[in-house]
S.K.: 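Attaching a single structure in structure tokens format; questions to follow.
Chain identifiers are assigned alphabetically (A, B, ...) following the order of the sequence lines, protein sequences preceding nucleic acid strands; residue numbering begins at 1 within each chain. Values in this document were obtained by computation on a predicted structure and should not be read as measured data.
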Amino acid sequence: MSKPSTPQAIRGTQDIFGAEAEAFQHVVETFERVRKLYRFRRIEMPVFEKTEVFSRSIGETTDVVSKEMYSFDDRGGENLTLRPEFTAGIARAYLTNGWLQHAPLKVATHGPLFRYERPQKGRYRQFHQLDAEIIGAGEPQADVELLAMADQLLKELGIADGVKLHLNTLGDAESREAWRAALVDHFEFHRGELSEDSQKRLSINPLRILDSKDSRDQAFVGGAPKIDEFLSGEAQDFFGAVKAGLDAAGVKYQRAESLVRGLDYYRHTAFEFVTDQLGAQGTVLGGGRYDGLMETLGGPHTPAVGWAAGIERLAMLVGERLEAVIDVVVVVEDDALLDRGIQAVSDLRRAGFSSELIGSGSPRKRFDKAAKMGANSIASIASREGVVKVSLKAENDIRARIEGFFE
RNA sequence: GCGAUCGUAGCUCAGUUGGUUAGAGCGCCGGCUUGUGGUGCCGGAGGUCGGGGGUUCGAGACCCCUCGAUCGCCCCA
């Protein structure tokens with residue numbers, strides 16, 4: 001008889017435990033608290049959608065859609081995709097549920113996303129994001145509110161020092177197209193001297209050449225046309241209002257002229273909170289305005305802004321967090337007294353004390369086991385010459401509150 | 001999709017130029033010591049050396065393939 005083999009976890013997924021899981025949960029809980037301060041309403045979204053929800057909104061030519069989606073036919077023959085991001089699904093829900101009656105609508109959620117990528121530090125095939133969106137608001141104040149919330153979140157997580165807000169504008173649709181055309185002209189002239197990657201980007205996403213890490217490309221980035229030269233008056237005013245609003249809200253930022261977004265639906269404001277402490281995956285939170293998205297899904301023109309943040313990346317910056325210490329460990333040193341112990345921990349837990357029972361293994365080693373757990377107090381239930389003996393090791397303040405549970 | 005490094009008990013790691021029954025610490029289980037005690041001692045369980053193939057008299061060590069991890073490229077939060 002051969003031993004059955006143990007299945008491995010799927011590549012790029014993670015089993016999170018202990019101090020790391022506490023850090024993960026801490027990020028989520030902090031987000032929940034901050035999101036309520038800004039009055040964002042909680043939504044829960046399906047993990048999968050019809051494939052077209054993503055392919056139409058994100059853009060067929062993007063890497064996400066063309067090679068990173070987990071798509072499959074279900075038993076009814078429908079082609080479905082595990083969500084690679086939140087925004088498209090939320091936009092779909094907004095339209096199919098008629099949420100425009102609530103506009104402008106501020107919503108927040110978090111959960112798992114899926115992308116078929118090569119795993120590395122801060123990048124997984126199943127990863128988790130926080131997400132916040134304001135839908136149906138075309139005013140720059142919406143951008144400002146969202147950024148202020150992101151800024152406060154990072155501060156409350158205690159990681160704001162290592163993270164900087166990079167801010168840019170992509171202009172409105174006309175500005176962006178004019179800029180894009182000028183960039184293509186510029187880089188086309190030097191095509192032969194660009195990196196292989198950037199030669200490809202020239203036809204797929206020329207804006208991306210701007211933040212290439214290849215030194216061959218960087219030589220031509222400095223002289224490339226700037227978005228500011230192509231901004232319409234309206235676009236300039238919008239960006240000016242966002243910057244003024246950030247100053248008023250006390251949010252620090254720096255202009256990043258070559259910051260672009262990978263997904264097609266972005267317009268106007270684009271931003272990333274970036275750190276140098278996570279290696280190649282330095283963006284911890286990113287987003288922007290996507291005024292054109294609703295129309296690509298067949299809805300009415302609906303301006304919107306949003307961002308998403310990588311929970312794993314934030315948790316790595318937060319670092320490991322200690323699990324809460326136990327209030328009382330109850331040690332039963334005589335098996336005949338086990339029920340006394342069960343009663344005590346039950347009463348303690350119902351009264352709001354975290355409690356753990358130790359009543360198995362070598363009786364003489366049970367107290368040592370309890371001592372190693374680092375609890376605030378230890379109660380021992382033992383018998384000496386046939387007499388039940390309860391002893392309590394605790395500081396006076398907690399002793400007074402728990403003594404009664406052992407009488 | 002491309003490149004580099006790595007993969008030995010549950011965990012962290014040793015394993016000399018390929019050479020008898022593969023080791024340690026921690027953890028786990030048990031015995032003794034201590035007896036208001038977080039100590040010490042002894043013993044035990046647990047490994048097809050990621051998986052498959054090859055070279056060799058002989059492979060945990062060398063070669064090939066494969067799976068996975070880590071770090072870059074790319075992409076992105």
Side-chain angles (χ1 to χ4, degrees), chain A residues 2-15 17-18 27 31 58 61-69 84-87 110-125 127-132 150 153-154 163 195-198 200-201 204-205 208-209 211-214 217 259-263 266 270-275 278-288 306-317 329 331 333 360-375 378-382 384-385 389-394:
Chain A
S2 67
K3 217 165 80 175
S5 63
T6 305
Q8 283 182 313
I10 303 297
R11 176 167 213 199
T13 64
Q14 18 171 20
D15 304 313
F17 172 80
V27 170
F31 173 66
I58 299 172
T61 63
T62 58
D63 280 17
V64 170
V65 171
S66 64
K67 48 194 189 198
E68 295 177 358
M69 295 205 303
E85 59 131 37
F86 275 116
T87 306
H110 83 271
L113 293 311
F114 305 85
R115 249 122 87 165
Y116 189 86
E117 294 184 277
R118 184 84 173 252
Q120 65 183 73
K121 188 181 176 77
R123 191 170 82 181
Y124 306 94
R125 289 185 172 181
F127 59 106
H128 302 79
Q129 288 186 346
L130 311 172
D131 186 272
L153 171 66
L154 298 175
V163 181
S195 66
E196 297 74 26
D197 282 329
S198 284
K200 274 181 229 151
R201 283 191 272 238
I204 296 168
N205 192 351
R208 276 277 159 204
I209 300 174
D211 55 8
S212 168
K213 288 170 190 161
D214 197 298
D217 300 330
L259 170 66
V260 298
R261 308 263 71 213
L263 313 183
Y266 286 105
F271 52 86
E272 286 180 3
F273 285 81
V274 180
T275 177
L278 293 179
Q281 311 301 321
T283 300
V284 114
L285 184 154
W307 56 248
I311 299 179
E312 287 88 350
R313 294 181 188 179
L314 291 171
M316 280 190 274
L317 291 178
V329 181
V331 186
E333 300 192 75
S360 64
S362 174
R364 316 187 78 148
K365 285 186 174 162
R366 292 178 193 173
F367 193 91
D368 283 0
K369 213 188 276 184
K372 283 181 184 168
M373 296 174 81
I378 301 174
S380 155
I381 303 175
R384 293 271 184 280
E385 288 131 23
K389 188 159 191 278
V390 175
S391 55
L392 194 55
K393 188 183 178 186

S.K.: Could you tell me whether the side chain of Arg118(A) has a donor or acceptor atom within less than 3.5 Å of a complementary atom in the base of C74(B)?
M.R.: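 Looking at the base of C74(B), it does not pair with any donor or acceptor on the side chain of Arg118(A) (distance under 3.5 Å).
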S.K.: Which nucleotide sits closest to the side chain of Lys389(A): U70(B), C75(B), U36(B)?
M.R.: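 Closest of the options to the side chain of Lys389(A): U36(B).
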S.K.: Using the C1' atom on both, measure A22(B) against C49(B) and round to a whole Å.
M.R.: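 Looking at atom C1' only, A22(B) and C49(B) are 8 Å apart.
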S.K.: Do Leu153(A) and Leu130(A) make a side-chain contact, defined as non-hydrogen atoms from C-beta onward lying under 4.5 Å apart?
M.R.: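 Yes, close enough: below the 4.5 Å cut-off.
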S.K.: Compare side-chain N and O positions of Gln281(A) against OP1 and OP2 of C76(B) and report whether any pair is under 4.0 Å apart.
M.R.: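 False: Gln281(A) side-chain N/O out of range (4.0 Å or more) of C76(B) OP1/OP2.
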S.K.: Sticking with atom P, work out how far G3(B) lies from C64(B), rounded to a whole angstrom.
M.R.: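 It works out to 14 Å between them.
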S.K.: Between U8(B) and C62(B), how far apart are the two P atoms, rounded to whole Å?
M.R.: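 That atom pair is separated by 14 Å.
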S.K.: Below the 4.0 Å mark, does G31(B) have OP1 or OP2 next to a side-chain nitrogen or oxygen of Ser362(A)?
M.R.: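 Indeed, a polar side-chain atom of Ser362(A) lies that close.
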S.K.: Only Watson-Crick and G-U wobble pairs with both distances less than 3.5 Å should count. Give RNA chain B in dot-bracket notation, marking inter-strand partners with |.
M.R.: (((((((..((((.....[...)))).(((((.......))))).....(((((..]....))))))))))))....
S.K.: Is there a side-chain contact between His110(A) and His128(A) (heavy atoms, below 4.5 Å)?
M.R.: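 Side-chain contact under 4.5 Å: no.
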S.K.: Would you indicate whether the side-chain heavy atoms of Glu68(A) and Pro84(A) approach each other to under 4.5 Å?
M.R.: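 Result no, sub-4.5 Å side-chain heavy-atom pair not found.
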S.K.: Between G46(B) and A24(B), how far apart are the C1' atoms? Round to whole Å, please.
M.R.: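 That atom pair is separated by 15 Å.
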S.K.: Remember a base hit wins even if backbone is also touched, and classify Arg11(A) as base, sugar-phosphate or nothing at under 4.0 Å, heavy atoms.
M.R.: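 Contact class for Arg11(A): sugar-phosphate only.
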S.K.: Between P on C76(B) and CD on Glu272(A), what's the gap in Å once rounded to a whole number?
M.R.: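 My rounded result for the distance is 10 Å.
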S.K.: Please identify which of these residues, Val163(A), Leu314(A), Leu285(A), Leu154(A), meets the side-chain contact (heavy atoms from CB on, under 4.5 Å) condition with Thr275(A).
M.R.: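 Testing Thr275(A) for a side-chain contact (heavy atoms from CB on, under 4.5 Å) against Val163(A), Leu314(A), Leu285(A), Leu154(A) leaves exactly one candidate, Val163(A).
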S.K.: Among G68(B), C75(B), U70(B), find the nucleotide with the atom closest to the side chain of Tyr124(A).
M.R.: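 Minimum distance to the Tyr124(A) side chain belongs to U70(B).
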S.K.: At under 4.0 Å, does any side-chain N or O of Arg208(A) touch on OP1 or OP2 of C76(B)?
M.R.: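 Arg208(A) to C76(B) OP1/OP2: side-chain N or O found under 4.0 Å.
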S.K.: Hey, is the side chain of Ser380(A) pairing donor to acceptor with the base of U36(B) inside 3.5 Å?
M.R.: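 No.
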S.K.: Glu68(A) near the nucleic acid: base, sugar-phosphate alone, or nothing, with a heavy-atom cut-off under 4.0 Å?
M.R.: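 Sugar-phosphate contact only - Glu68(A) comes under 4.0 Å of backbone atoms but never of a base.
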S.K.: If I take atom OG1 from residue Thr283(A) and atom CG from residue Leu278(A), how far apart are they, to the nearest 0.5 angstrom?
M.R.: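 If we round to the nearest 0.5 Å, Thr283(A):OG1 and Leu278(A):CG are 9.5 Å apart.
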S.K.: Answer yes when Glu117(A) and Arg123(A) have at least one side-chain N-carboxylate O distance shorter than 4.0 Å, and no when they do not.
M.R.: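 Yes, charged N to carboxylate O under 4.0 Å.
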S.K.: Can you tell me how far apart CG (Asp197(A)) and NZ (Lys213(A)) are? Round to the nearest 0.5 Å.
M.R.: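 It is 11.0 Å, given to the nearest 0.5 Å.
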S.K.: Just to be sure I understand the rule, does Gly122(A) reach a base, reach only the sugar-phosphate, or reach nothing, if contact means heavy atoms closer than 4.0 Å?
M.R.: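 Base, at least one base atom sits under 4.0 Å.
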S.K.: Taking only the side-chain heavy atoms of Arg115(A) (C-beta and beyond), determine which of U70(B), C73(B), C76(B) contains the nearest atom.
M.R.: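 Among U70(B), C73(B), C76(B), the one nearest the side chain of Arg115(A) is C76(B).
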S.K.: Send over the distance from Leu154(A) CG to A77(B) P, rounded to a whole Å.
M.R.: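 It works out to 16 Å between those atoms.
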S.K.: Nearest 0.5 Å, what's the CZ-CZ distance between Phe114(A) and Arg125(A)?
M.R.: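 It is 13.0 Å, given to the nearest 0.5 Å.
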S.K.: For the C1' atoms, the ones on C13(B) and on G7(B), what distance do you get once it is rounded to whole angstrom?
M.R.: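 Between the two C1' atoms, the distance is 13 Å.
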S.K.: Please tabulate the protein-to-nucleotide N/O contacts below 3.5 Å involving nucleotides 38-41 of chain B, giving atom names and distances.
M.R.:
| residue | atom | partner | partner atom | Å |
| --- | --- | --- | --- | --- |
| G38(B) | N7 | Lys393(A) | NZ | 3.2 |

S.K.: In whole angstroms, how far is the P atom of C76(B) from the CZ atom of Phe271(A)?
M.R.: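 So the two atoms are 16 Å apart, to the nearest Å.
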S.K.: Between Ala308(A) and Tyr116(A), which has a closest nucleotide on RNA chain B that is more 5'?
M.R.: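 Mapping each residue to its closest nucleotide by heavy atoms, the 5'-most match is Tyr116(A).
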S.K.: Decide yes or no for Arg201(A) and Ser212(A): does some side-chain heavy atom of the first lie under 4.5 Å from some side-chain heavy atom of the second?
M.R.: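 They are in contact (side-chain heavy atoms under 4.5 Å apart), so the answer is yes.
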S.K.: Can you check whether any acceptor in the base of C75(B) is under 3.5 Å from a donor in the side chain of Arg201(A), or vice versa?
M.R.: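 Result: no qualifying N/O pair found.
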S.K.: Send over the distance from Asp211(A) CG to A77(B) C1', rounded to a whole Å.
M.R.: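 Going from Asp211(A) (CG) to A77(B) (C1'), I get 15 Å.
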S.K.: Rounding to the closest angstrom, what is the interatomic distance between C29(B) and G10(B) at atom P?
M.R.: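 Pairwise P distance, C29(B) against G10(B), rounds to 16 Å.
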S.K.: Any side-chain heavy atom of Phe127(A) within less than 4.5 Å of one from Pro112(A)?
M.R.: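 They are not in contact (no side-chain heavy atoms under 4.5 Å apart), so the answer is no.
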S.K.: Can you check whether Met69(A) reaches Tyr116(A) side chain to side chain, under 4.5 Å on heavy atoms?
M.R.: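 A side-chain contact under 4.5 Å is absent here.
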S.K.: Base, sugar-phosphate, or nothing for Gln8(A), non-hydrogen atoms under 4.0 angstrom?
M.R.: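 Touches sugar-phosphate only.
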S.K.: Determine yes or no for a side-chain-to-main-chain donor-acceptor pair under 3.5 angstrom, with Ser195(A) supplying the side chain and Ser198(A) the backbone.
M.R.: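 Yes; at least one donor-acceptor contact below 3.5 Å.
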S.K.: On a whole-Å scale, what distance lies between the P atoms belonging to G52(B) and U12(B)?
M.R.: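 One P to the other, the span is 23 Å.
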S.K.: Which part of the nucleic acid, if any, lies within reach of Phe273(A) when heavy atoms closer than 4.0 Å are counted: base, sugar-phosphate only, or nothing?
M.R.: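 Answer is nothing: Phe273(A) stays at 4.0 Å or more from every strand.
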S.K.: Between Gln129(A) and Ala308(A), which heavy-atom pair has the shortest distance, and what is it?
M.R.: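 In this case the closest contact between Gln129(A) and Ala308(A) is OE1-CB, 3.1 Å.
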S.K.: Glu117(A) side chain: which of A69(B), G72(B), A77(B) is closest?
M.R.: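 Selected nucleotide: A77(B).
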S.K.: Mind calculating the distance between CZ (Phe17(A)) and P (C11(B)) to the nearest angstrom?
M.R.: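 Phe17(A) atom CZ is separated from C11(B) atom P by 12 Å.
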S.K.: Checking contacts here: which listed nucleotide (A77(B), C76(B), C71(B)) is nearest the side-chain heavy atoms of Lys121(A)?
M.R.: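 That would be C71(B).
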S.K.: Within this structure, what is the CZ-to-C1' distance between Phe114(A) and C75(B), rounded to whole angstrom?
M.R.: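 The answer, rounded to whole Å, is 19 Å.
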S.K.: Heavy atoms under 4.0 Å, any strand shown: does Gly306(A) hit a base, just sugar-phosphate, or nothing?
M.R.: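 No contact.
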S.K.: What is the separation between atom NZ on Lys67(A) and atom C1' on C73(B), rounded to the nearest whole Å?
M.R.: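 Those two atoms, NZ and C1', are 12 Å apart.
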S.K.: Return the value, rounded to whole Å, for the distance between atom NZ of Lys200(A) and atom P of C73(B).
M.R.: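 Distance, rounded to whole Å: 16 Å.
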S.K.: Which sits closer to the 5' end of RNA chain B, Arg125(A) or Asp214(A), going by the nucleotide each is nearest to?
M.R.: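 By nearest-heavy-atom nucleotide position, the 5'-most residue is Arg125(A).
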S.K.: What nucleic acid atoms does Glu333(A) come within less than 4.0 Å of, heavy atoms only: base, sugar-phosphate, or nothing?
M.R.: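 Base contact.
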S.K.: Looking only at side-chain N and O atoms, does Lys213(A) come under 4.0 Å of OP1 or OP2 in C74(B)?
M.R.: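 Checking C74(B) against Lys213(A), a side-chain N or O does come within under 4.0 Å of OP1 or OP2.
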S.K.: When the P atoms of U16(B) and C6(B) are compared, how many Å lie between them, rounded to an integer?
M.R.: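 These two P atoms come out 15 Å apart once rounded.
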